[in-house]
Asker: 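Take this structure first; my questions come after.
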Amino acid sequence: MKNIIAIVIVGFVFAACSKPKTEPVTENTDHQSEIMKDSMNENSGFQVSNSESSEIMAKTDEKMEAEIAKTTFSTKAIIKDYLMLKNSLAKDDSKAAASAGKVLFETMKKTDINQLNAKKKSVYKEIAESIEENAEHIAAGTGSIEHQREHFDMLSKDVNDLIETFGSEQKLYKDFCPMYNDNKGAIWISEKKEIVNPYQGSKMLTCGSMQKEW
């Protein structure tokens, strides 16, 4: 009888020891899966943050480059000479316009563009070449104010492009005369909000309208 009891006890012990422990393993596996998901989510968020950070850094670099160019390259002197020329034509003063054209031509020749990048340099040179040509014609056109105004029309388009590309340090207005050049019209740039027409002069000084302001 004792032997039978001993065999039964040994059987129970053996069965208990040999039973697979599935539940604890399952719990550990689930916990590990949750940890892996959390880690993947964190890494995904980190990647987005890195992408956003790169964009911010790129924009910051562009702004810094623009600020550096702004401190070393300025359109101020060019615009100042252009406005002097514009005001002379509005007064029908051919001689003063010629003098202003000469000053503008000289200003263009000594403008420093070394701090501009290659792309901006190329754009500037194209605009500057046309400004110089028109300023030179105006400077040589004393006594022929209509010829000066023809080149002032083209010059104004150049100055408009210059401002659009490189900006201005002062408040400016883009005005339009609808009657100039056989009603084809022409623009000019002004420092004044009121219309003072350089194409018509004393004949129709207030003819025109403002198209844009910077």
Side-chain angles (χ1 to χ4, degrees), residues 69-70 73-113 116 119-214:
K70 193 182 289 184
F73 171 77
S74 174
T75 59
K76 186 176 180 179
I78 298 170
I79 293 170
K80 175 178 171 289
D81 295 344
Y82 166 86
L83 293 174
M84 182 168 62
L85 172 52
K86 181 264 298 181
N87 291 330
S88 297
L89 291 175
K91 295 174 183 175
D92 299 319
D93 192 337
S94 178
K95 186 177 180 180
S99 178
K102 182 181 179 182
V103 171
L104 176 57
F105 179 83
E106 292 171 352
T107 296
M108 296 305 299
K109 287 297 186 183
K110 63 185 180 184
T111 299
D112 183 8
I113 61 170
L116 294 178
K119 185 178 179 181
K120 287 287 180 72
K121 251 183 206 179
S122 177
V123 173
Y124 174 82
K125 286 179 179 179
E126 186 176 345
I127 296 171
E129 185 178 342
S130 184
I131 289 178
E132 288 172 18
E133 181 181 350
N134 289 305
E136 196 170 22
H137 274 277
I138 293 169
T142 304
S144 179
I145 198 164
E146 290 309 317
H147 179 68
Q148 289 174 319
R149 282 172 172 151
E150 287 174 11
H151 283 280
F152 179 76
D153 178 7
M154 293 181 280
L155 175 63
S156 294
K157 293 173 185 174
D158 298 330
V159 173
N160 178 76
D161 291 343
L162 185 77
I163 295 167
E164 290 286 0
T165 307
F166 300 99
S168 169
E169 297 174 37
Q170 69 181 101
K171 187 76 172 176
L172 292 170
Y173 304 91
K174 178 180 178 179
D175 297 330
F176 180 73
C177 172
M179 298 181 67
Y180 184 71
N181 193 16
D182 295 327
N183 297 320
K184 291 178 183 176
I187 65 162
W188 77 92
I189 312 302
S190 179
E191 76 281 22
K192 303 171 184 177
K193 195 167 187 178
E194 61 268 29
I195 298 297
V196 182
N197 193 319
Y199 296 107
Q200 302 295 339
S202 58
K203 290 189 297 184
M204 298 182 71
L205 192 61
T206 59
C207 173
S209 61
M210 183 180 70
Q211 287 189 332
K212 184 177 182 178
E213 58 181 276
W214 291 279

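Counting from 1, the numbers follow the sequence of the chain as shown.
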Asker: Is there a donor-acceptor contact under 3.5 Å linking the side chains of Asn134 and Asp158?
Answerer: yes

Asker: Quick check: do Leu155 and Ile131 have side-chain heavy atoms less than 4.5 Å from each other?
Answerer: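 Yes; the side chains approach each other to less than 4.5 Å.
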
Asker: Say you draw a straight line from CD1 of Ile138 to CD of Glu133; how long is it, rounded to the nearest 0.5 Å?
Answerer: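 The distance works out to 11.0 Å.
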
Asker: Looking at every heavy atom in both Ser190 and Asp175, which two are closest together, and how far apart are they?
Answerer: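 Minimum heavy-atom contact is CB-OD2, 3.5 Å.
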
Asker: Are side-chain heavy atoms of Leu89 and Trp188 found at a separation under 4.5 Å?
Answerer: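 They are not in side-chain contact.
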
Asker: Between the side chain of Ser88 and the main-chain N/O of Ala98, is any donor-acceptor distance below 3.5 Å?
Answerer: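 No: the side chain of Ser88 does not pair with the backbone of Ala98.
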
Asker: In terms of the angle between their ring planes, are Phe152 and Tyr82 parallel, tilted or perpendicular, with boundaries placed at 30° and 60°?
Answerer: parallel

Asker: Heavy atoms only: give me the nearest Gln200-Asp92 pair and the separation to one decimal.
Answerer: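 Closest pair (atom of Gln200, atom of Asp92, distance): O-OD1, 4.4 Å.
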
Asker: How many angstroms lie between NZ in Lys174 and CG in Asn160, if you round to the nearest 0.5 Å?
Answerer: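 Going from NZ on Lys174 over to CG on Asn160, the span is 4.0 Å.
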
Asker: Looking at Lys193 and Glu213, is any side-chain nitrogen of the basic one under 4.0 Å from a carboxylate oxygen of the acidic one?
Answerer: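 A salt bridge is absent here (no side-chain N lies under 4.0 Å from a carboxylate O).
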
Asker: Rounded to the nearest 0.5 Å, what separates atom NZ in Lys86 from atom NZ in Lys192?
Answerer: 5.5 Å

Asker: Distance from Ser156 atom OG to Leu85 atom CG, nearest 0.5 Å?
Answerer: 8.0 Å

Asker: Name the orientation class of the two ring planes belonging to His151 and His137 (parallel below 30°, tilted from 30 to 60°, perpendicular beyond 60°).
Answerer: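 Taking His137 first and then His151, their aromatic rings lie parallel (interplane angle under 30°).
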
Asker: So, taking the atom named CZ in Phe73 and the one named OG1 in Thr111, what distance separates them when rounded to the nearest 0.5 Å?
Answerer: 6.5 Å

Asker: Using a strict threshold of under 4.0 Å (side-chain N to carboxylate O), is an ion pair present between Arg149 and Glu146?
Answerer: yes

Asker: Which distance, rounded to the nearest 0.5 Å, do you find between the OG1 of Thr165 and the CD of Glu126?
Answerer: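 Thr165 atom OG1 to Glu126 atom CD measures 10.0 Å (nearest 0.5 Å).
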
